[in-house]
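The next block holds one structure in the form of structure tokens; read it before the comments.
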Amino acid sequence: MDFPQTYRERLLATLATIDAEKVTRAIAWLHQAREENRAIFVAGNGGSHATASHFVCDMVKGASFGKDSRFRIVALNESIPTLTAYSNDVAYEHAIAEQLKNFARPGDVYMAISGSGNSPNVVRAMEYAKSIGCRTLALTGRDGGKLGALAELNINVPEPHMGRIEDAHHVICHMICYSFME
């Protein structure tokens, strides 16, 4: 069997592990946040940073354009000057939480994406978000790590392969986005 076929088969098995009921709950949370004019903050690192940015783009444009009710959603990892300032002057693990301290309010939603579930900056931000009464949502892989244990709602992809975890996170994000687009 060649590599692409094997990867595809393993990916399909990974996608079958996505808990659709939890995705439905996440959709309900974001619907409620939109209706209550709450802010939604999304963060991740590396590939998860790219997933967070893609998700926010889909929600800002695809799920909001031309609609009376729009999403107030931002990817916290998009401000490179802010991230590098905190990383240089304080520590990278504080970069997301410190931004939340400027913007987040009780009832807002913090969504963290991490394949390992152990990225210190998104974990620390999850701790802060919980402490002020934000709803906390995580997309994790493997065993969920520290992030999964902290989140009020953890959509875990119990897969060891980072590529397939990231693939599944993209699919989950599209499930959420397209529920508002279609």
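We use all heavy atoms of the structure for the numbers below, so side chains are in, but hydrogens, waters and symmetry mates are not.
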- Residue pairs, two or more places apart or on separate chains, that pass ring pair (Phe, Tyr, Trp, His ring centres under 6.0 Å) and touch residues 140-163: Y7-H161

- Task: Would you mind listing every ring pair (Phe, Tyr, Trp, His ring centres under 6.0 Å) that reaches into residues 32-51, with sequence neighbours excluded?
- Result: none

For the atom pair [atom1] ([X]) and [atom2] ([Y]), what is the distance rounded to the nearest 0.5 Å?
{"X": "R25", "Y": "D19", "atom1": "CZ", "atom2": "CG", "value": "8.5 Å"}
{"X": "H31", "Y": "F71", "atom1": "NE2", "atom2": "CZ", "value": "8.5 Å"}
{"X": "S87", "Y": "N121", "atom1": "OG", "atom2": "CG", "value": "8.0 Å"}
{"X": "D2", "Y": "R8", "atom1": "CG", "atom2": "CZ", "value": "8.5 Å"}

- Message: By the salt bridge (charged side-chain N to carboxylate O under 4.0 Å, His left out) test, which pairs, at least two apart or in different chains, include something from residues 113-140?
- Response: E93-R124

- Message: Tell me which pairs pass salt bridge (charged side-chain N to carboxylate O under 4.0 Å, His left out) where either residue lies in residues 27-39, with sequence neighbours left out.
- Response: E36-R38

Going by the rule side-chain contact (heavy atoms from CB on, under 4.5 Å), which residues pair with [X] if we only count those two or more places apart in sequence or in a different chain?
{"X": "A52", "value": "V42, N77, I113"}
{"X": "S116", "value": "S114, N118, S119, R142"}
{"X": "P158", "value": "T17, N156"}

Within a strict 4.5 Å, meaning less than it, do heavy atoms of the [X] and [Y] side chains meet?
{"X": "L153", "Y": "T136", "value": "no"}
{"X": "R72", "Y": "I40", "value": "no"}
{"X": "E98", "Y": "V90", "value": "no"}
{"X": "I132", "Y": "R105", "value": "no"}
{"X": "I96", "Y": "Y110", "value": "yes"}
{"X": "V23", "Y": "I27", "value": "yes"}

- Item | Under the ring pair (Phe, Tyr, Trp, His ring centres under 6.0 Å) test, residues paired with Y92 that sit two or more places apart | none

Is there a path of hydrophobic side-chain contacts, each under 4.5 Å between heavy atoms of I, L, V, M, F, W or Y residues, that connects [X] with [Y]?
{"X": "F3", "Y": "L11", "result": "yes"}
{"X": "L150", "Y": "V122", "result": "yes"}
{"X": "L100", "Y": "L137", "result": "no"}
{"X": "M59", "Y": "L76", "result": "no"}
{"X": "Y128", "Y": "V74", "result": "yes"}

If you look at every heavy atom in [X] and [Y], which pair is closest and at what distance?
{"X": "S48", "Y": "G115", "answer": "OG-N, 3.8 Å"}
{"X": "I155", "Y": "A26", "answer": "CD1-CB, 4.1 Å"}
{"X": "L30", "Y": "V109", "answer": "CD2-CG1, 4.2 Å"}
{"X": "A95", "Y": "L83", "answer": "CB-CD2, 3.6 Å"}
{"X": "A138", "Y": "L147", "answer": "CB-CG, 3.9 Å"}

- Query: Are any side-chain N or O atoms of K22 and backbone N or O atoms of N154, one a donor and one an acceptor, separated by less than 3.5 Å?
  - Reply: yes

- Determine yes or no for a side-chain-to-main-chain donor-acceptor pair under 3.5 angstrom, with D108 supplying the side chain and A39 the backbone. yes

- Any residue meeting side-chain hydrogen bond (donor to acceptor under 3.5 Å, both in side chains) with K67, in chain and number order, not counting sequence neighbours: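 Listed in chain order: nothing, the list is empty.
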
- Of all residues at least two apart in sequence or in a different chain, which pass the side-chain hydrogen bond (donor to acceptor under 3.5 Å, both in side chains) check with T24? none

- Show your reasoning for whether side-chain contact (heavy atoms from CB on, under 4.5 Å) applies to W29 and E152. CA-CA 11 Å; W29 282 16; E152 184 180 350; 3.5 Å; yes

Report all side-chain donor-acceptor pairs from residues 172-182 shorter than 3.5 Å, counting only partners two or more places apart or in another chain.
residue	atom	partner	partner atom	Å
H174	NE2	H54	NE2	3.3
H174	NE2	D58	OD2	3.3
S179	OG	I176	O	2.6

- Note on the structure: Those residues at least two apart in sequence (or on a different chain) that pass salt bridge (charged side-chain N to carboxylate O under 4.0 Å, His left out) with E159 are R164

- Message: If we count only N and O atoms by modelled type, under 3.5 Å, do the side chains of T51 and H169 hold a donor and an acceptor together?
- Response: no

